[in-house]
Amino acid sequence: MSEVNKVRPRTTLDEMDESGELKRKKAAWCNWVEPGSESFPPEKDRYHLYISYACPWAHRCLILLKMKGLEDAIGVSVVHPTWQRTKPEEDEHIGWMFRDPSDPPVSNLNGHGSFPCTYCIPDTVNNAKSIRELYEIAGDKEGKYTVPVLWDKKKKTIVSNESSDIILMFNSAFNSIAKNPDLDLYPEDLRKEIDEVNSWIYPRINDGVYRCGFAQKQDAYEKAFDALFESLDRVEEILSKKRYLVGDRITVADIRLFVTLIRFDPVYVVYFKTDQSRIDDYPNMFNYMKEIYQMPAIKPTVIFPHIKTHYLSSHPKLNYYGIIPKGRKVNLDTPHNRDNMTST
Ligand SMILES: N[C@@H](CCC(=O)N[C@@H](CS)C(=O)NCC(=O)O)C(=O)O
């Protein structure tokens with residue numbers, strides 16, 4: 001392994017500071033697709049989205065793609081949920097790999113478990129075997145090979161690997177080719193309020209669960225834990241008065257929260273030790289989550305087998321044998337009662 005490979009952060013698990021806290025680095029690729037742009041104009045069949053169904057950041061991009069009706073305009077590939085050695089002959093890096101659904105099951109890095117390739121969608125654009133390969137084709141120098149990746153097939157490069165930017169591009173940049181151009185999930189008049197809500201939901205809830213789960217010192221864990229549950233109480237309070245987080249209709253603020261809520265009980269409570277309460281202990285939040293889950297564009301994007309398998313099988317130090325907890329049976333299709341809420 002070269003010196004460079006040894007020192008640079010290679011996965012999220014390497015991004016810890018001295019106090020044992022997770023400190024995420026910013027995404028490296030931040031171009032924008034925009035109408036009129038010379039570099040990245042919106043065009044049908046020009047861009048491709050690489051995701052993991054397990055990753056909440058990638059999930060929010062897929063949701064926006066479906067809600068806006070962009071599935072005929074932008075292709076999607078889906079990695080296997082279990083991280084593997086990406087170049088075992090060269091270095092120790094572990095990360096996302098593509099598999100064909102007909103491939104045999106995969107084990108974790110300790111050789112335990114048997115995780116099927118169901119729901120995977122191989123990369124037919126670049127024929128890459130790993131997400132790392134895509135970054136290498138694009139000449140990436142950072143070496144953190146994350147999903148989502150929005151790929152430009154024409155320029156053969158990465159447009160963006162920042163989900164918070166990709167969701168906004170999907171919301172407005174592709175309206176000329178979207179089936180639902182009028183759906184605006186980041187409306188001008190609500191932007192200030194959406195950004196304000198994101199400013200505490202992102203660090204304390206979305207990233208907050210990771211700060212609990214990846215903490216390497218008790219203090220760091222407890223600090224993240226307290227911030228997380230204070231903020232969930234705050235969300236419950238908001239949702240006891242209104243149907244959605246901001247304004248009178250669903251916005252990106254709700255999608256950003258939803259992807260964490262839907263993973264909370266099956267994964268984070270057990271795996272990230274976020275065990276003060278479950279989402280189904282909060283009546284308003286639980287019904288709100290069910291309402292969003294039941295939306296026709298959203299339900300098919302929630303693939304629990306990938307969600308559970310990824311976390312429990314990809315960090316061999318945190319879960320050596322790759323045993324996946326069975327969990328409680330919860331029916332997310334029962335009525336949610338949110339239609340009775342006033343919306344503002
Ligand atoms: N800034 C990124 C973060 C994406 C991210 O951290 N993705 C994780 C999966 S949930 C990943 O691909 N990690 C691979 C690694 O850490 O090597 C975004 O929100 O788009």
Side-chain angles (χ1 to χ4, degrees), residues 5 8-16 22-33 49-65 76-87 91-98 109 123 128 130-136 138 140 142-151 158-171 198 201-203 205-214 252-253 255-260 262-264 267-268 271-272 301-303 306-318:
N5 285 356
R8 70 185 184 189
R10 303 302 298 266
T11 84
T12 309
L13 279 164
D14 297 315
E15 296 181 335
M16 311 299 298
L22 171 65
K23 291 273 156 66
R24 266 180 211 276
K25 276 182 70 184
K26 259 186 75 65
W29 295 82
C30 294
N31 301 300
W32 277 82
V33 176
L49 182 69
Y50 291 99
I51 60 158
S52 154
Y53 283 133
C55 167
W57 325 113
H59 189 184
R60 60 195 189 182
C61 299
L62 182 65
I63 290 178
L64 262 284
L65 185 148
V76 175
S77 296
V78 179
V79 291
H80 189 279
T82 305
W83 284 355
Q84 299 287 304
R85 296 274 297 276
T86 52
K87 287 199 172 169
D91 58 34
E92 311 261 294
H93 176 258
I94 62 166
W96 302 111
M97 305 289 290
F98 294 101
L109 284 160
D123 172 24
S130 65
I131 289 288
R132 174 184 187 168
E133 252 183 80
L134 299 174
Y135 280 82
E136 288 175 347
D140 180 82
E142 290 292 311
K144 195 182 150 199
Y145 308 121
T146 55
V147 288
V149 170
L150 183 62
W151 182 264
I158 297 172
V159 180
S160 172
N161 64 344
E162 179 45 57
S163 61
S164 51
D165 294 347
I166 298 171
I167 57 175
L168 298 187
M169 286 180 233
F170 285 177
N171 181 58
N198 288 342
I201 289 190
Y202 171 74
I205 299 181
N206 301 129
D207 202 33
V209 292
Y210 284 87
R211 291 180 195 190
C212 291
F214 289 167
V252 285
I255 304 301
R256 291 172 59 123
L257 177 61
F258 170 76
V259 295
T260 298
I262 201 73
R263 286 161 175 74
F264 203 91
V267 173
Y268 302 145
Y271 191 56
F272 282 175
T301 69
V302 180
I303 309 294
H306 274 221
I307 291 175
K308 291 184 71 163
T309 302
H310 164 59
Y311 289 94
L312 276 297
S313 72
S314 292
H315 315 121
K317 277 194 190 150
L318 299 187

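Please read all numbers here as calculations on a predicted model, not as lab measurements. Both counts, for ligands and for their atoms, begin at 1 and track the order of listing. Positions are given from 1 along the sequence.
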Exercise. For ligand 1, which part of Asn161 has a heavy atom less than 4.0 Å away: the side chain, the backbone, both, or neither?
Worked result: backbone

For this session: Only one of Thr146, Asn161, Asp123 passes side chain to side chain donor-acceptor pair (under 3.5 Å) with Tyr50; say which it is.
Result: Asp123

Seminar exercise, completed: Exactly one of Asp165, Val33, Leu150 clears side-chain contact (heavy atoms from CB on, under 4.5 Å) with Phe170, and that residue is Leu150

Give the numbers and elements of all ligand 1 atoms closer than 4.0 Å to a heavy atom of [X].
X      : result
Cys55  : 7 (N), 9 (C), 10 (S)
Pro148 : 20 (O)
Glu162 : 1 (N), 2 (C), 18 (C), 19 (O), 20 (O)
Trp96  : 9 (C), 11 (C), 12 (O), 13 (N), 14 (C)
Trp83  : 13 (N), 14 (C), 15 (C), 16 (O)

Problem set entry | Contacts of type salt bridge (Lys or Arg N to Asp or Glu O under 4.0 Å), residue Arg60, not counting sequence neighbours | none

Problem set entry | Pair Tyr311 and Tyr268, ring centroids less than 6.0 Å apart | yes

Exercise. Hey, looking at atom 18 (C) of ligand 1, which of Ser52, Ala58, Ser163 has the closest heavy atom?
Worked result: Ser163

Problem set entry | Heavy-atom proximity to atom 3 (C) of ligand 1, best of Tyr50, Trp57, Tyr210 | Trp57

For this session: Please list, chain by chain and in numerical order, all residues satisfying ring-ring contact (aromatic ring centres under 6.0 Å, His included) with His59, sequence neighbours excluded.
Result: none

For this session: State, without any angle test, whether His93 and Tyr145 hold a side-chain donor-acceptor pair at a distance under 3.5 Å.
Result: no

